[in-house]
Every structure is written in C-alpha cells, then in structure tokens.
Amino acid sequence: MKVLVVNAGSSSIKYQLYNMDDSSVLAKGLCERIGVDGKIKHTVIGQDKWECNIPMPTHKEAISAVIDALVDKEHGCLESITEIEAIGHRIVQGGPYFSASVLVDDTVIEDLEKCIDLAPVHTQPHLYGIGGCRAALPDVPQVLVFDTAFHQTMPEEAYTYALPYELCQKYKIRRYGFHGTSHRYVSGRALDYLGLDPNNSKIVTCHLGNGSSISAVKNGKVIDTSMGFTPLEGVIMGTRCGSIDPAIVPFIMEKEGIEPKDMQDWMNKKCGIAGYSEIGSDMRDIEAALNEGNERAELIYKMLSYGIKKYIGSYAAAMGGLDAIVFTAGIGENTPIIREMSMEGLEFLGVEFDAEKNAAYPHVSEEVLLSKDSSRVKVAVIPTNEELVIAGDTMEVVKNNVKYERKYFD
Ligand code: ADP
C-alpha cells in the first residue's frame with residue numbers, strides 16, 4: 001500500500017510518500033510560502049531535488065502541487081494518482097477527544113475543530129491540509145495521527161493542574177503532552193532492541209530537539225510526560241522557556257508592558273536556549289561558543305542536562321524503578337556531551353554509562369547501546385521516525401476500517 005504522510009503547518013506542508021510493502025520512502029518534499037506565493041521542493045529518493053514556484057493561495061493548491069509532482073513524468077515516481085491508497089496526517093493536538101489514530105469523517109472534523117482553541121497555531125492549518133486533501137483526492141481515505149494520543153493513558157493525578165475545577169472543565173485545561181508519536185516509536189523500539197518485557201518495563205524516553213519532552217513509559221503506557229497543556233512546559237528548549245514560576249509571567253508583562261497575545265509569542269520564541277545564551281537556539285552554535293570558552297554556553301549545557309536528570313529521577317520514582325533511558329531527536333541523536341552530562345551521577349539508580357562509546361557516536365543514525373554490559377539500567381540512542389509511525393497507523397486504520405467513536409462529550 002502507498003501512503004502519503006502530510007504534516008500541514010500554517011504556511012507550509014511537509015510530505016513523504018511511503019511504500020508500506022517494505023516501509024520505504026519513495027519521495028518527500030516541502031511546499032512553502034502557502035498563502036504568500038508558493039514553492040515546492042520535491043525529491044524522489046535516489047534522484048536530485050527539484051524545485052518550482054507554483055501559486056499556492058491555499059493549502060488546496062499546495063496539495064494539488066504535491067500530487068502533480070508525484071505523477072510528473074520527469075520528476076515523479078507514480079504512474080497514476082490512484083496508486084495513493086491512503087493519506088495520514090500528523091495532528092499536534094487531539095485534546096481530550098482522541099486517544100488513537102482515526103479515519104476522517106464528519107464527526108472527527110467536528111471534534112478536531114473543538115481543538116482549535118487548545119492549539120490555534122497548529123489545528124487550523126491541519127484542518128486546511130485535511131480539507132485540501134479531501135478536495136484533491138475525495139475518494140482516498142484519510143487518517144489522523146495525534147501527537148497527544150500516546151499520552152492519553154496518564155492517570156488523573158499526573159495530568160491535572162490544581163486550578164479552579166470549573167475552569168479546568170470549561171477550558172479543558174490539563175496536561176496533554178506532545179511528541180507522542182516519537183515517544184511511542186522509540187519506547188516500542190527499545191522493548192525490541194533492549195530485549196525488555198513489554199508487560200514489565202520502565203522506560204524514560206528523552207525526545208530532545210528544538211522542542212524537547214521527556215516521558216515515563218511503564219509497561220508500554222505513558223504515566224507522565226514533561227510537556228503540558230501546551231509544548232511550553234518541561235525542560236529548557238531552543239526558544240521556549242520550559243517550566244518557570246508562573247508568577248514570572250505577569251511580572252514581566254507588567255514591567256515590560258507586554259500584552260497577553262504577545263506574551264505567548266515571547267515565551268515560545270524569545271526564551272530558552274536562545275533567550276538566555278543570546279547566542280542562538282541551535283545546539284551547534286552553543287557548542288561552537290562553548291569551545292571558545294563562552295560561560296553562558298557552558299551554563300546552557302549544565303541547565304539542560306540538569307533538567308533531563310531531574311525528570312529521569314522523578315520518573316524513576318513515579319514508575320517505581322527504571323529499566324532503560326532512551327535518547328532521541330536532533331539533540332538526543334547528535335549531542336554526546338548532553339547525553340554524558342545528563343547521565344553523570346545516576347549510578348545510584350543502576351546506570352553505568354559508557355562515556356567512551358558515547359563520545360564515539362557524535363551522530364547516531366541507527367540504534368546504539370551506550371550503557372556498559374554490566375549496567376542494570378540500559379541507556380540507548382534510538383533515532384526517531386514519526387513519519388513511519390504515521391504511515392503505519394494510516395495503513396492499519398484503513399485496512400481495519402477503524403471508525404471514530406465519540407467517547408468524550410462536552
Ligand atoms: P525539531 O524539534 O525542529 O524537529 P530537531 O529534532 O531537528 O528539532 O532538533 C534540532 C536540534 O538538534 C538543534 O538544536 C540542533 O542543533 C540539533 N541537531 C540536529 N541535527 C544535528 C547535527 N547533525 N549535529 C548537531 N546537532 C544537531
């Protein structure tokens with residue numbers, strides 16, 4: 001089965017075409033400047049990248065451009081568009097409604113529309129992307145795969161904030177967690193790779209990228225995760241502040257005269273690694289500054305690894321033990337110093353980290369074990385593959401005709 005995976009943002013659409021017979025990627029690309037002018041960057045695997053300016057006033061034209069590129073005689077890889085049997089969409093926020101991937105129908109769209117308030121920056125573009133696909137390929141089944149779904153197993157005490165009950169209910173304020181598709185993939189792979197018992201396993205997964213989140217996965221189910229109502233909570237990130245004392249927010253607003261809507265932007269884009277270091281959000285730039293003796297760059301390393309370590313310790317306590325720690329995503333796969341610093345001092349938990357082996361893997365492209373043979377807690381890097389999970393779920397949901405059953409009523 002050939003599955004098109006779509007990740008629609010406000011002015012861009014990323015896509016990958018999978019052949020699920022062997023889980024290979026046939027083509028991938030990016031439509032950008034949607035609503036401005038429009039450009040497609042398209043690559044058939046094994047061939048050169050092809051770029052073209054195509055007017056994309058809305059997401060519908062962008063999806064049409066993707067389809068045209070895929071069947072293009074010169075730059076495409078499909079004989080006919082009928083070869084695409086299903087489309088899978090990455091959806092950032094499924095709210096309290098969605099705890100698994102679902103086939104798109106009108107009820108699903110209705111409930112996804114209710115998530116707009118919870119994640120306005122992402123949900124509206126997702127709806128445009130789905131609408132664009134429905135318009136361009138009306139007979140092709142579409143599936144939604146949610147970043148929040150894997151976290152829906154958290155117990156109430158982990159996902160509830162101590163705010164007035166009425167407001168929590170009214171605005172659906174709770175911890176949702178994000179990067180669920182990645183946490184699900186790497187924790188699932190860890191069971192196989194590390195030979196753990198799926199029904200008796202305690203894993204902490206550390207997804208460290210521009211946005212970072214850490215999850216406690218006990219017996220295959222998330223029991224806690226560091227991101228919260230929004231992706232702002234948790235460890236420090238590229239441009240997001242991570243967890244801070246909430247009183248700092250009105251304090252800065254008052255002192256600096258910042259309006260609520262601008263404060264959202266400020267916390268998401270002006271803080272974190274970039275904000276404090278005044279160097280940038282990219283760990284490669286922080287590393288370069290560190291090598292030049294920049295003290296704040298050094299502090300960033302300490303702050304991030306200290307934050308990771310605190311989550312690992314608290315999640316080991318929450319799970320009543322620990323079998324494995326998994327690193328993944330841009331920083332997890334490419335920054336050995338962060339891995340080493342966050343493992344320092346965890347011997348008391350049963351972690352014996354192989355620092356020499358770690359240093360030999362500045363860039364990890366396949367699964368690698370970084371703990372010593374004698375280590376009771378295994379430490380591994382498992383490169384994430386969210387698109388493959390989306391393609392796999394899409395195939396399963398379509399094959400099994402998994403219809404959405406509304407379980408949460410407002
Ligand atoms: P996103 O959350 O945008 O998907 P990524 O998972 O790509 O983010 O992670 C981005 C971070 O990973 C950046 O801080 C970047 O420095 C780091 N990173 C990504 N690739 C590399 C690499 N090849 N070498 C060093 N660092 C990298």
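Atoms within a ligand are numbered from 1 in the order they appear, just like the ligands themselves. The structure presented is a predicted model; accordingly, all values stated were derived computationally and were not measured. Numbering starts at 1 and runs along the sequence shown.
When each atom of ligand 1 is checked for a heavy atom of Gly211 under 4.0 Å away, the hits are 2 (O).
Scanning Asn334, Leu208, Asn210 for the heavy atom closest to atom 27 (C) of ligand 1 points to Asn334. Heavy-atom proximity to atom 12 (O) of ligand 1, evaluated over Gly330, Gly238, Ser365, is greatest for Gly330.
Checked against a 3.5 angstrom limit, the closest N/O atoms of Asp282 and ligand 1 fall inside it. Polar contact check, Met283 against ligand 1: a nitrogen or oxygen pair lies under 3.5 Å apart.
Taking the ring centroids of Tyr404 and Phe98, they lie under the 6.0 Å cut-off. Taking the six-membered ring for Trp and the full ring otherwise, His183 and His151 have centroids separated by under 6.0 Å.
Remark: minimum distance from atom 11 (C) of ligand 1 to any protein heavy atom is reached at Ile331 CG1, 3.8 Å.
When non-hydrogen atoms are compared, ligand 1 lies under 4.0 Å from the side chain of His363 (C-beta onward) but not from its backbone.
The side-chain tip of Arg174 points at the ring of Tyr159 from less than 6.0 angstrom away and within 45° of straight on.
Protein heavy atoms all stay at least 4.0 Å away from atom 4 (O) of ligand 1.
Ion pairing of Asp224 with Lys202 is absent here, as no side-chain N (NZ or NE/NH1/NH2) approaches a carboxylate O to less than 4.0 Å. Between Lys114 and Glu110 there is no salt bridge, since no side-chain N of the basic residue sits under 4.0 Å from a carboxylate O of the acidic one.
For the pair Thr148 and Gly94, the tightest heavy-atom approach, listed with the atom from each and the gap, is OG1-N, 2.9 Å.
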